[in-house]
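See below for the structure under consideration.
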Amino acid sequence: MELRLHNTLTRSRDALRPLDPLNVRMYVCGPTVYDHAHIGNARPVIVFDVLFRLLRRLYGAEHVKYVRNITDVDDKINARAADRGISIRELTEETYRWFREDTAALGCLPPTVEPRATEHIAEMRTLIERLVAAGHAYVEQEHVLFNVPSMPDYGQLSRRPLDEMIAGARVDVAPYKRDPMDFVLWKPSDMGVPGWDSPCGIKTPGRPGWHIECSAMSWRHLGETFDIHGGGIDLIFPHHENEIAQSRCAFHTGVMAQMWLHNGFLMLEGEKMSKSLGNFVTIRELLEEWPGEVLRLTMLSTHYRQPINWTRQGLGFAAKTLDKWYRVIGDVEAESGADNPFEHEIAERLSDDLNTPSAISHLHHLADVAEHEEASSALRRRFKGAANLMGLLTETESAWRARAKESVALDEATIGALIAERLAARKSKDFKRADQIREELAAKGIVLMDNKDGTTSWEVAR
RNA sequence: GGCCACGUGGCGGAGUGGUUACGCAGCGGACUGCAAAUCCGUGUACGCCAGUUCGAUUCUGGCCGUGGCCUCCA
């Protein structure tokens, strides 16, 4: 099976040819830890988790290395810590903990490595000194800057020719820049701001610029070149462009990563998500109302490169779908592995540039197939295994139902008593009272189901 | 201003040079005391205008519309 992915570098759907199939390497830009992650942050986390799972299936779990960094040095962090009157370390630790909990709830596997920027300052200094030595960077007023014109083919990823960018530049050019396009690799730290020993003989302590951390961490954990680099579409310029400049010029390589993947933006109820307009929602807030799996299925219902419109309606669709699928699988164990033909069929759809909507469509079909096979649980086990490849249907129906029932306002005993009363009413043909109880519970989001064997069970309405 | 995406049926959302995507909702039916769930059946589509073609929703050009990047941002 060939994995084809849309490569931003070539603007075409390219087959993945790992540099080393025994060590397939992927780097994804992770969060800056200063606040709760919002649902837009969840998109790359979920999308690249699906890719990670697919790569593990194609190349073997032990042959895939997935690195997602934690940025714990940044001016936003400094400002937030000061606002809250806590230390930077407290803020980043707390935020990182939240992030881990959120991503786990979304059903994402932990990456192979989650490196922190502050633990890679030495690598950053090494890179910076190499760039200066090679004539790609210079020291000015205690800053170290990357000299963009020193790299003739700068701009390949974003396809912005240099002269156009200079013409379009409308930012005030800092006096220490030789060229308007030059960007900061290292800058001095004032008192009260975290600082480390500076490179290049600069006496004042300093801190890294925005882009150098990813070059440093990908180098340390994946090498000078690797297979896949991912992130949000907004990172193409300048972040990824500058990462490429740093890494390629430091190592004298033709590429940094072979494949560059970018997920599209997220809108909220048709509006641009904007903190200043107040329309943004954190993962944590959504998790109070919906199981993480509902968020995950909702996110995967739209192809990763398309803009996604995040709506309550979409969440409702996903919840309803999962209700159905869990009913189909019951409490069976998943069948996973190369021998499961259903899983293979899903893998094929995912191999076509992570076509998750098509894969989900096929899961609907597989659910129908599995449901009709009353005699054997084998197909249900295969269906579950296929869904598991996307990180879906990872628990049992019992666990899923129990989770949904947690959110109900009434306690089990009260519901049970009302069900018993209704059964008695039905027995004595008092259908008026029976319907009254049904409506009473329905008003509280509870749906009653009269089973064939004479019992009555209940579920949470969607 | 420069660069780049996208525009599919009531809604969500894939895909394709000629053949049913799929899901939800709707409608009809079966089942049910009534329901829920399930099952069977069923309608609606490719922004606009040209061009290429035997044939375009799918390719090309133009137009209109929406959104993104160019400054921190997934």
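In what follows, every chain begins at residue 1, and chains take the letters A, B, ... in the order their sequences are listed. It should be emphasised that the depicted structure is a prediction, and the values quoted were computed from it without experimental measurement.
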- prompt: To the nearest angstrom, how far is A:L261 atom CG from B:A5 atom C1'?
  reply: 16 Å
query: What integer number of Å spans the C1' atoms of B:G65 and B:U71?
result: 27 Å
- prompt: With a 4.5 Å heavy-atom cut-off, do A:I446 and A:E459 have their side chains touching?
  reply: no
query: Of all residues at least two apart in sequence or in a different chain, which pass the side chain to side chain contact (heavy atoms under 4.5 Å, CB included) check with A:E288?
result: none
Atom-pair distance (NE2 on A:H240; P on B:C70), nearest Å: 13 Å
- prompt: Within the distance-only criterion (no hydrogens, no angle test), does the side chain of A:R25 pair as donor or acceptor with the backbone N or O of A:D227 below 3.5 angstrom?
  reply: no
message: Counting distance alone, no hydrogens or angles: does the base of B:G15 have a donor or acceptor under 3.5 Å from a partner atom on the side chain of A:N355?
response: no
query: Under the 3.5 angstrom rule, does the side chain of A:R380 hit a backbone N or O of A:V332 as a donor-acceptor pair?
result: no
message: Of the listed nucleotides (B:C11, B:A21, B:A74), which one gets closest to any side-chain atom of A:M273?
response: B:A74
message: By nearest heavy atom, map A:A434 and A:Y34 onto RNA chain B; which one lands nearer the 5' end?
response: A:A434
query: For the side chain of A:D234, counting heavy atoms from C-beta on, which of B:C69, B:A14, B:C24 is nearest?
result: B:C69
query: Can you name the residues that form a side-chain hydrogen bond (donor to acceptor under 3.5 Å, both in side chains) with A:H38, not counting sequence neighbours?
result: A:N41
query: B:G13 and B:A21: how far apart are their C1' atoms, nearest whole angstrom?
result: 10 Å
- request: State whether the side chain of A:D453 and the backbone N or O of A:T455 hold a donor-acceptor pair below 3.5 Å, judged by distance alone.
  value: yes
query: What is the distance, rounded to the nearest whole Å, between atom NE2 of A:H365 and atom C1' of B:C22?
result: 11 Å
field: Structure string for RNA chain B in dot-bracket form, Watson-Crick and G-U at under 3.5 Å, | interchain
entry: (((((((..(((.....[...))).(((((.......)))))....(((((..]....))))))))))))....
query: So how far is it from A:L392 CG to A:L322 CG, rounded to the nearest 0.5 Å?
result: 6.5 Å
- request: Please determine which of A:H239, A:E243, A:E241 meets the side-chain hydrogen bond (donor to acceptor under 3.5 Å, both in side chains) test together with A:H211.
  value: A:H239
task: Could you give the distance separating B:C24 and B:C39 at their P atoms, to the nearest angstrom?
output: 9 Å
task: Report which part of the nucleic acid A:L266 touches: base, sugar-phosphate, or nothing (heavy-atom distance under 4.0 Å, all strands).
output: base
message: Within the 4.0 Å heavy-atom criterion, would you say A:H303 contacts the bases, only the backbone, or no part of the nucleic acid?
response: sugar-phosphate
Protein-nucleic acid N or O pairs under 3.5 Å, nucleotides 35-40 of chain B:
unit_1, atom_1, unit_2, atom_2, d
B:A35, N6, A:D450, O, 3.4
B:A35, N1, A:D450, N, 2.9
B:A35, N3, A:R438, NH1, 3.1
B:A35, N3, A:R438, NH2, 2.8
B:A37, O3', A:R327, NH2, 2.8
B:A37, O2', A:R327, NE, 3.4
B:U38, OP1, A:R327, NH2, 2.9
B:C39, OP1, A:E371, OE1, 3.3

message: Taking B:U19 as the reference, what is the distance to B:U57 when you measure between their P atoms (whole Å, please)?
response: 10 Å
task: For the side chain of A:R11, starting at C-beta, report the closest nucleotide among B:C4, B:A74, B:G13.
output: B:C4
task: Return the nearest nucleotide to the side chain of A:T321; candidates are B:G23, B:G33, B:C11.
output: B:G23
query: For the pair made of NE2 in A:H239 and C1' in B:C70, what is the distance, rounded to whole Å?
result: 17 Å
Protein-nucleotide distance (A:L350, atom CG; B:A14, atom P), rounded to Å: 14 Å
Integer angstrom distance from the P of B:A37 to that of B:G43: 23 Å
task: Take atom CE of A:M299 and atom P of B:A74, then tell me their distance rounded to the nearest Å.
output: 13 Å
P spacing across the pair B:C59 / B:G15, given as an integer number of angstrom: 12 Å
query: OP1, OP2 of B:G13 versus side-chain N and O of A:T302: anything below 4.0 Å?
result: yes
query: For A:K76, which contact category applies under a 4.0 Å heavy-atom criterion: base, sugar-phosphate, or nothing?
result: sugar-phosphate
field: Salt bridge flag under 4.0 Å for residues A:R422 and A:D450
entry: yes
- request: Report the distance from atom CG of A:L300 to atom P of B:A74, rounded to the nearest whole Å.
  value: 20 Å
query: Should A:S12 and A:T10 be marked as a side chain to side chain donor-acceptor pair (under 3.5 Å) after you check the CA-CA gap, both sets of side-chain angles, and the distance that decides it?
result: CA-CA 5 Å; A:S12 63; A:T10 60; 3.0 Å; yes
task: Choose from B:C70, B:C4, B:A14 the nucleotide whose nearest atom is closest to any side-chain atom of A:F237.
output: B:C70
query: Which residue, A:D74 or A:P238, contacts RNA chain B at a nucleotide closer to its 5' end, judged by nearest heavy atom?
result: A:P238
- request: Take atom CZ of A:R13 and atom P of B:U16, then tell me their distance rounded to the nearest Å.
  value: 7 Å
Anything under 3.5 Å between a protein N or O and an N or O of nucleotides 27-30 of chain B, put it in a table, one pair a line.
none

- request: Take atom P in B:G62 and the same atom in B:C6, then report the distance between them in whole Å.
  value: 16 Å
field: Salt-bridge contact A:K177-A:E140 (side-chain N to carboxylate O under 4.0 Å)
entry: no
query: Residues in side chain to side chain contact (heavy atoms under 4.5 Å, CB included) with A:R305, at least two apart?
result: A:H6, A:R13, A:H303, A:D353
- prompt: For A:G314, which contact category applies under a 4.0 Å heavy-atom criterion: base, sugar-phosphate, or nothing?
  reply: nothing
message: Treating A:H365 as the side-chain partner and A:S361 as the backbone partner, does any N or O pair qualify as donor plus acceptor under 3.5 Å?
response: no
query: Quick one: does NZ or CZ of A:R248 land under 6.0 Å from the six-membered ring centre of A:Y154, within 45 degrees of the ring axis?
result: no
message: When the C1' atoms of B:U58 and B:G7 are compared, how many Å lie between them, rounded to an integer?
response: 14 Å
